[in-house]
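Convention: sequence-line order gives letters A, B, ...; per-chain numbering from 1.
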Amino acid sequence: MPELPEVETIRRQLVEKVVGARIKKVEVRLAKVMKNSTSGTELLEGKAITGVFRRGKWLWLALEGDWALAFHLGMTGQLVWEGKGELPPHTHLLIELDRGRLRFTDFRQFGRVRLGKSKEIRDYLEEKLGPEPLSPIFSASYLENVLAKSRRPVKALLLDQKAVAGLGNIYTDEALFLAGIDPRRPACTLAEDEVKKLHEAIQKVLAEGIAHRGTSIRNYVDATGVAGEHGLFLHVYGRGGQPCLRCGTLIKKIKLCGRGTHFCPHCQR
DNA sequence: AGTATCCTGGAA
DNA sequence: TTCCAGGATACT
């Protein structure tokens, strides 16, 4: 589920809710979600949360003592701040705070949590992720260079977190539609003006996704447990067989890079 | 560069 | 009952 706009939405809300809060107790309810499980989450007890950061689809809590707790939500992960109440099923990590609690809930169990010193976590993320698509480092010429080096379908490159961090299946399909580019095109065949359009489209779809607090197709909710509104604004994702909003041609759904891929065969060349 | 794999549950 | 799903990785 959660791509950059969803994770950024959660981050912004958590900044308001948990920065300054102190951890009372951490309960790992499904051991395998702890990825680099050094011993312990016990060492976090009593520490205050000093910040909430995002890198690509990763979100991490900065904690006193230069510790960091990083989350990747996989396909169906939720990170929700709330008061007491019955705990939903598939809640794998529970952080009790002096104000409310933070729960990590993920029914498909693809999500992961890493605990480490903050430098360790930052290094790990820098090593595996390409530039942030909404930062100046992600320029049109950077994108041009990356695409020029590969014959793979352009969609495969956009999904590659090392090429650019944070795009997933929804926003990739949407960006390619806005740019008018067929997802199957070998990356190196894009002309300079097409790369420019694609670069612009990527930043636009992500910004809109954030403005609408993310896309709730299945079970995504933001950090307050509320669904996102961006599903109402999708052009192609999930619209296979329906008319293109621009030209009326039926949206095609195919399998590409092992993923459902939606595009307009008329608008995208 | 494709595809099997980790999981659960809703839809076809 | 089979297929499919906002992801990533470990294989052929």
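A straight line from CG of A/N219 to C1' of B/dC7 spans 13 Å, rounded to a whole angstrom. Remark: P of B/dC7 and CG of A/D106 are 12 Å apart, rounded to the nearest angstrom. For A/W58 and C/dT9, the CH2 to P distance is 8 Å, given to the nearest whole Å. Distance A/K155 NZ to C/dG7 C1': 12 Å, rounded to the nearest Å. A/L73 has its CG atom 13 Å from the C1' atom of C/dA8, to the nearest Å. Between the CG atom of A/L4 and the P atom of C/dG7 there is a distance of 12 Å, rounded to whole Å. Look at CZ on A/R112: it is 12 Å from P on C/dA10, rounded to the nearest Å. When rounded to the nearest whole Å, the span between CG of A/D160 and C1' of C/dA8 equals 11 Å.
Nearest to the side chain of A/K128, among B/dG9, C/dT9, C/dC4, sits C/dT9. In this structure, of B/dC7, C/dG7, B/dG9, it is B/dC7 that holds the atom nearest to the side chain of A/Q109. Proximity note for A/Q161 (side chain, C-beta onward) versus C/dA8, B/dC6, C/dG7: the nearest is C/dA8. In the set C/dA8, B/dG9, C/dA5, the nucleotide with an atom closest to the side chain of A/K255 is C/dA5.
Residues passing the side-chain contact (heavy atoms from CB on, under 4.5 Å) test with A/F138, sequence neighbours excluded: A/P131, A/P133, A/Y142, A/L143, A/V164, A/H199, A/I202, A/Q203.
In this structure, A/D160 pairs ionically with A/R152, as a charged nitrogen and a carboxylate oxygen lie closer than 4.0 Å. Here A/K24 does not pair with A/E45 in a salt bridge; the nearest charged N to carboxylate O distance is not below 4.0 Å. Salt bridge A/R185/A/E194: present, at least one basic N to carboxylate O contact under 4.0 Å.
A donor N or O paired with an acceptor N or O is found under 3.5 Å between the base of C/dA5 and the side-chain atoms of A/R108.
Aromatic rings of A/W60 and A/Y124 (six-membered ring for Trp) have centroids beyond the 6.0 Å cut-off, not under it. Here A/H230 and A/Y220 keep their ring centres 6.0 angstrom or further from each other.
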(message) In dot-bracket form, 5' to 3', how is DNA chain B paired? Count Watson-Crick and G-U wobble pairs only if both distances fall under 3.5 Å, and write | where the partner sits on another strand.
(response) ||||||.|||||
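For the residue pair A/T261/A/K155, the side-chain donor-acceptor check at 3.5 Å is satisfied. A side-chain N or O of A/Q13 and one of A/D222 form a donor-acceptor pair less than 3.5 Å apart.
When the P atom is compared between C/dA8 and B/dG9, the two are found 22 Å apart, to the nearest whole Å. A gap of 23 Å separates the P atoms of C/dA5 and B/dA1, to the nearest Å.
Residue A/H90 has a polar side-chain atom (N or O) positioned under 4.0 Å from OP1 or OP2 of B/dG9. Taking only side-chain nitrogens and oxygens, A/K32 never comes nearer than 4.0 Å to OP1 or OP2 of B/dC6. The side chain of A/K253 contributes an N or O atom lying less than 4.0 Å from OP1 or OP2 of C/dA5.
Just one of A/R99, A/R101, A/K17 meets the salt bridge (charged side-chain N to carboxylate O under 4.0 Å, His left out) condition when paired with A/E82; it is A/R101. With A/E8 as reference, A/R54 is the one residue of A/K57, A/R54, A/R55 to meet the salt bridge (charged side-chain N to carboxylate O under 4.0 Å, His left out) rule.
With a 4.5 Å cut-off on side-chain heavy atoms, A/T105 and A/L79 do not count as touching.
Nucleic acid contact class of A/G214 (heavy atoms, under 4.0 Å, all strands): none. Contacts of A/Y171 with the nucleic acid, taken as non-hydrogen atoms under 4.0 Å apart, are absent.
Stacking of the aromatic ring of A/F110 onto the base of B/dC7 is not found under the criterion of centres within 5.5 Å and planes under 30°.
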Polar atom pairs (N or O), protein with nucleotides 1-3 of chain B, under 3.5 Å:
| residue | atom | partner | partner atom | Å |
| --- | --- | --- | --- | --- |
| B/dA1 | OP2 | A/R152 | NE | 3.1 |

